[in-house]
Structure formats: C-alpha cells, structure tokens
Amino acid sequence: MTLAAQTSDNPAPPAPLDRELAAERSHLDASRDALRRMRERAEALFATGDKVAGDAYTAEQLGRHMARRVKELADDPTTPLFFGRLDFGDGDPDHAGRCYHVGRRHVTDEAGEPMVLDWRAPVSRSFYRASARDPQGVAVRRRFGFSAGVLTSFEDEHLDRGEELGTASRILTAEIERPRVGPMRDIVATIQPEQDELVRAGLADSICVQGAPGTGKTAVGLHRAAYLLYQHRERLRRAGVLIVGPNRAFLSYIAAVLPALGEVEVEQSTVEDLVARVPVRAVDDPDTAALKHDVRMAEVLRRALDAHIGEPTEPIMVSDGSFRWRIGLEPLHRVVEETRREGLPYGVGRERVRARVVSLLQRQAEARRAESPSDAWLRRMAKCRPVAAFVDAVWPALTPEGLVHTLLADPATLAAAADGVLTADEQALLQGRAADRPAGRGGSGTKLGRTPKATRWTAADAVLVDEAAGLLERAAGFGHVVVDEAQDLSPMQCRAIARRSEHGSITLLGDLAQGTAPWAATDWRETLAHLGKPDAAVVPLTVGFRVPAAVVAFANRLLPALAVDVPPAESLRRDGELAVRTVTDLTAATVAEVRAALAHDGSIGVIATDDAVDGLRSALADAGVTTATADDVEAAARVTVVPATLVKGLEYDHVVVVEPAAIVAAEPRGLHRLYVVLTRAVSRLSVLHREPLPALLAD
C-alpha cells in the first residue's frame, strides 16, 4: 500500500511519492482549467442562442438548456474536482493499461478526452465495488486527501496484490469524520458497496431503505436521484424528480447536495406543501387529526363523490334549426352506466358523458343529412342548454374544496358516505359535534363557513382536499420520487404521494424507530401498500459511519420501549465522546457546555423542547454566543438551537441535549422523539438533565 502526504518543512529533493503528488496536483489544475473552458463555452452559447436558433421557440428551448448547463458546470474551488483514481490492469481487456480520475462530474479536455469521469459512469462503479477478492480488473485504487480544495495526500490500494484498506483507510475515515458546518454535503467520495448497490438500482425499481441512525440513508436517496438523472436524463427531465422531506428545515439542510453533483432541476417539497390546495388557518385536536389521516377517509370521500352521480329522469330534446333531435332514456342510462364503469377521474367522466351525448346527436344528424356535422356544430351541441342541463343533473360539476366542505358540514351527507365505515362517534368528531371531546387539546379544529372559501381549514383537511382532487382529476406525476423520514407518513399522506408517482418509481427512506407522528408506521409493508408499491424491496442499513459507537449504544437502550421490529444500529466509529451530566441550572450548564464545544471544530446543535428554545437562545446571546435557527443553514453561526420536533434528519458535530425528561413528556411518542434527538451527534454528545432520566437510560 502506498501513502503520500505533502510536508511543508522538508527541504530534501522531491521523492518519487512527492513527484507523484505534484503530478496529481497538476492534473487537478488542468482539470479545473478544462471545466472553466466548458463553462465559458456554455455561457457563450447561452449569450448567442437567439442568433443561431431558427425560430423563437427553438431559441427559448436552447436558452433554457444552456442556462441549465451553465449552472451544472459551476465549480466550487473548496470542493475537490476528483477524489479517486482507477488504474486498470490486464484483468479488464476494455480498459487495460488505462487510468481514470473519478469525480463529481465529467470533465473533458479540448480534444474531448476525459480528464475526470463522472462518479455515475459505468467505469466508476469499480471505484466503489472493486475489492481484493474481486478486483474487477482494477490494479490500483487511489484515494485523494484534500483540505479546502487543495490536494494534500493520496493513498493506494494494490487490489491485484490482495491489498485492501476498507474502513481502515485514513483518507476515507478522515472524510467521513470531517467536521461539518452548514448544509449537508454529498458523500460521493465515501459511498460504501452496500450503499452503492442501492444508489445504482434501476429506474423501474422502487426500494425502501430501513436505515438506522448514521447509516447514510438520506445520502443514498439523494445520490440515487442524481444517478437516475444521469442514466435517464431526457426521460426524467420530462417527467421530473421529486424529493419529499419532513419539514422545510430539513429541505434547507439537504438543498446543496444535488447542485454540488451538477443536478439543478429537482423539485423539493414537504408533504404539507405538496397538498397545499387550501390555506391552513386552524388546528385540529389530535383525535380529529388522526381520524382525518386514517385511510378509511379515502373510502368515505369516494362514496360522497359517487353519490353525486345521478340517473337520467327524462329524454333530451334538442332544437337544431328545422330539426329536432331526441335521445331517449335507455341510451342516456347506458351513457351514464358505461362512463361509471370505466372508473375515470370524476372530471374526466363528466366530459366523457357530455361527449357521448353529443355523439348520439351527431349520429342522428348524419343519418338525416347524409353528411358529418362541422366541428363548430359539435361545439354548439356540447354547450346547448338541454345537453348542459342533462350533464349537470347526472354528473354535476364539483370542486375538491366543495366536496370536502359538504362532507364535513352536512351530517346527512357524512352519514350516508360513512355508513359502515366510521362509527357515529367518529362522524361527530369530524364535524366538531363530539360531546365528550376534552377541551384545550391543541386547537379549535376546522371552522366551517357557509362556503369553502369562508372555511378555516386545518392541515389534515388539506390532505382530504388533495384526496378529493385525486378523485376529480389526474394529478401531475413524477418519474421518480424520493421520500425521506417516511416512517411519519400517514396513510392519507402516502396516498397523496402515490398519486404523484403512479407511473414512476419511489425511493422510500426512514427508520421505524424514529417514528414520532401519532400514525407513525410500524411495518413498511403497510406504508408501501398505501404508496401503491406493495412489491418494493425493503433493504436494511444497520452499519453506521457517522454516529460514534458510544452514542449509538446509549440511544439503543431505548429500542425495547419503542415497539418496532428493527435491528439495532451498529457503528464503526470508535472515537467520539458521550457525557451525561446531572445539573442544577439547565440554562447555565447549557451555556457552559456550548462554550466548551466551541473549542472544537465543527457544528454545534442545542436540542430542547420547543418551548425552551427561545430562552436558551437568549441566554446564549447574553453570553456573547451567536446562534442560528434550524431553517437557517446558511448562517455563519456555528451554534444552532433546534426544537426537538424539527431536528429529524439533521446532524451536528457536537449535540447538547437539554432535559430529556421534558422532551419525552412533551408528546405521546416522546421516547421515539428522544431516540431521534440522541442520534443527531456525529462526534460528541452531551446530555444535561435536572429531572431523572428515562429508566432505560438511567444506568
């Protein structure tokens, strides 16, 4: 094995390894120059696109393409352009004797020859999969060490000689354990074989990753999106890729990963934003919210919609100049029944009924006149009063908001739709009529006005309205959807995502042990069924690279109380620190702990109950410590004070957990929340408590 590092105080003539290091630095400089030329060419084409395009539409399309290309070719001098090299031996006849630098994007010289291969290219697969047991034709795998974009060292594994470092690699370990401040970074330099297998899964495959804390499940999902965009560029550019996260703070945290990999056109959204058809201005109590998220509500809404479809009661008579056309009851009944059996979205069915009635009129006109009516005649018939009145009678126009409003506002409508599905008490709960509802349980619930516009909707109502919209119209779909922290999706939220991925695939990411919502999943198969992907593979990731073993072991003590069947997390990190301290003044102890943490590199996250956050920020400000909020990942402050309810998916080098007992007491699934909180640290964890710790942690 070969290891080379640059030293600044060695006056001796350059050794062979130093010359090799200098050559690699020269290749890095040349690659950056080549990338700059590629970007300049793209900028020139963008500036002159309107002159070379043949028409306005082509000019616009070319302009959009080149603007996107300019963004994709952006270079960050603090980020290494390549991180590895493959030297192929005679074992691979296609690449024997060649070497390739592997990096974040493809870079070519002026002749078009590759200087850096994209990590997603087929050849690059060997960088992640080759081993001493299976070299895959690779003679030497080289990893590069960097500091602020400067190449400082390299490390060789002679796979053809049976040499392999694995996780003993100093460069690999240093990159995994590198302190992090600000947004999440990509992991292209450290992807492990089991992660790479998931990243490179085919576009048609939906997969569910049950990932223990620190196993890189979020990174796997994001890198799979980048890989699929590379492999299926045009298809996914048309169909789109969607990333769904638990909250906006999380989306801000991961927002820089895909652009760093050259992918700038991926939509990111929370589930709440995805279903935001109505303004949310009220809050349901927990029992009502849980009922509205229950999958039975989908059947209630379907029945409520189906009840609007009526039966013809009289023939249609249409005057057409000197002619009168008549459609009898029997063919009208047939039109309605045939359309109903087709199972179309309600809005499509309404127009299908109209078109079929016009078709019946057209046949009569053709038979009488011996010629086909004009398009103008067909449009006039579709809008004439008898046809419009018939369509409105048997298939009335509806809106999603109107359907849900009527269901919640009219006890008779709800009773008919919910008969045999919801109990009488549940129906009363939906309409705010539950006589035994406890007061003060989280909000006043939906305020039903006389019209949908006057109604004060809740977040759970928005999910119902989206379900209604899916019954009325076809939702725009995506070619691939990545859903993170999926264990907290309700069945109705799953259905909202399923409507947007009906013809695409899904990467589902989560950890059942971290489920904190009232409807949190306990079995991935149920979640996948609601998402419309019941046959997706469920793949566990249990080996962590980020969270130290001492922290993982401490958090794993809670697993027996979480009532989920997941394998305990393991960690390869034997460094890190865990400190559990009983204190008398939580605020003063927190300030002191943060001051001590600032002596180390990296980010610091202070995690407490939601109602304690403002006080802790004020105390730290009084002590001269600048802090940021969870959704301000670009802030220069190294210290972030985070409510426990928003910390899911985030990571900090040093985490200070303030009063675990209060975090547990704050919500029904408080132990699950505490498990999440304790696993946010990637170097050091400090637990400060005045009240007794939960029993499982007290030893």
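FYI, the numbering just counts along the sequence from 1. Please read these numbers as outputs of a predicted model, since none were measured by experiment.
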Determine the minimum heavy-atom distance between [X] and [Y], stating which atoms define it.
X      : Y      : value
Met492 : Val295 : SD-CA, 4.0 Å
Arg143 : Glu157 : NE-OE1, 4.0 Å
Val188 : Tyr128 : O-OH, 2.6 Å
Thr527 : Ala521 : OG1-CB, 3.3 Å
Pro548 : Ser683 : CG-O, 3.6 Å
Leu509 : Gly221 : CD1-CA, 3.7 Å

Check: [X] side chain, [Y] main-chain N or O, donor-acceptor pair, under 3.5 Å:
X      : Y      : result
Gln231 : Leu229 : no
Ser501 : Ile497 : yes
Arg474 : Gly470 : no
His27  : Ala22  : no
Gln195 : Thr215 : yes
His223 : Ala219 : yes
Gln493 : Ser490 : yes
Glu155 : Arg170 : yes
Ser571 : Arg573 : yes
Arg141 : Pro135 : no

So, using salt bridge (charged side-chain N to carboxylate O under 4.0 Å, His left out) as the criterion, who are the partners of [X] when residues are at least two apart?
X      : answer
Glu20  : Arg85, Arg142
Lys648 : Asp488
Glu473 : Arg277
Glu485 : none

To the nearest 0.5 Å, what is the distance between [atom1] ([X]) and [atom2] ([Y])?
X      : Y      : atom1 : atom2 : value
Cys494 : Leu508 : SG    : CG    : 7.5 Å
Arg36  : Arg41  : CZ    : CZ    : 10.5 Å
Leu531 : Glu526 : CG    : CD    : 12.0 Å
Arg25  : Thr152 : CZ    : OG1   : 7.5 Å
Arg104 : Leu35  : CZ    : CG    : 12.5 Å
Ile207 : Leu198 : CD1   : CG    : 5.0 Å

Between [X] and [Y]: side-chain donor-acceptor atoms closer than 3.5 Å:
X      : Y      : answer
Asp511 : Gln210 : yes
Ser126 : Gln136 : yes
Glu164 : His158 : no
Asp134 : Ser131 : no
Thr270 : Asn247 : no

Non-neighbouring partners of [X] that pass side-chain contact (heavy atoms from CB on, under 4.5 Å), sequence neighbours left out:
X      : answer
Pro568 : Asn556, Leu559
Ala121 : Ser124, Tyr230
Ala239 : none
Pro534 : none

Residues pairing under ring-ring contact (aromatic ring centres under 6.0 Å, His included) where one sits in residues 477-511, two or more places apart or in two chains, turn out to be none

| request: Just say parallel, tilted or perpendicular for the rings of Phe146 and Phe82, cut-offs at 30° and 60°. | output: perpendicular

>> Looking only at the aromatic ring of each residue, does the gap between the centers of Phe127 and Phe83 stay below 6.0 angstrom?
In response: yes

Salt bridge (Lys or Arg N to Asp or Glu O under 4.0 Å) pairs touching residues 200-229, sequence neighbours excluded, are Asp196-Arg200

Sorted by chain and residue number, the ring-ring contact (aromatic ring centres under 6.0 Å, His included) partners of Tyr675 (sequence neighbours excluded) come out as none

Sorted by chain and number, sequence neighbours left out, ring-ring contact (aromatic ring centres under 6.0 Å, His included) with His95 holds for Phe88, Tyr100

| message | Pair Leu236, Leu203 - check side-chain contact (heavy atoms from CB on, under 4.5 Å), show working. | response | CA-CA 10 Å; Leu236 288 180; Leu203 177 58; 4.1 Å; yes

With a sphere of 6.0 Å drawn around CD of Glu272, does it hold more than 12 non-hydrogen atoms of other residues, nucleotides or ligands? yes

(message) The test is side-chain contact (heavy atoms from CB on, under 4.5 Å); show your working for Val244 and Val481 and say whether it passes.
(response) CA-CA 7 Å; Val244 180; Val481 179; 4.1 Å; yes

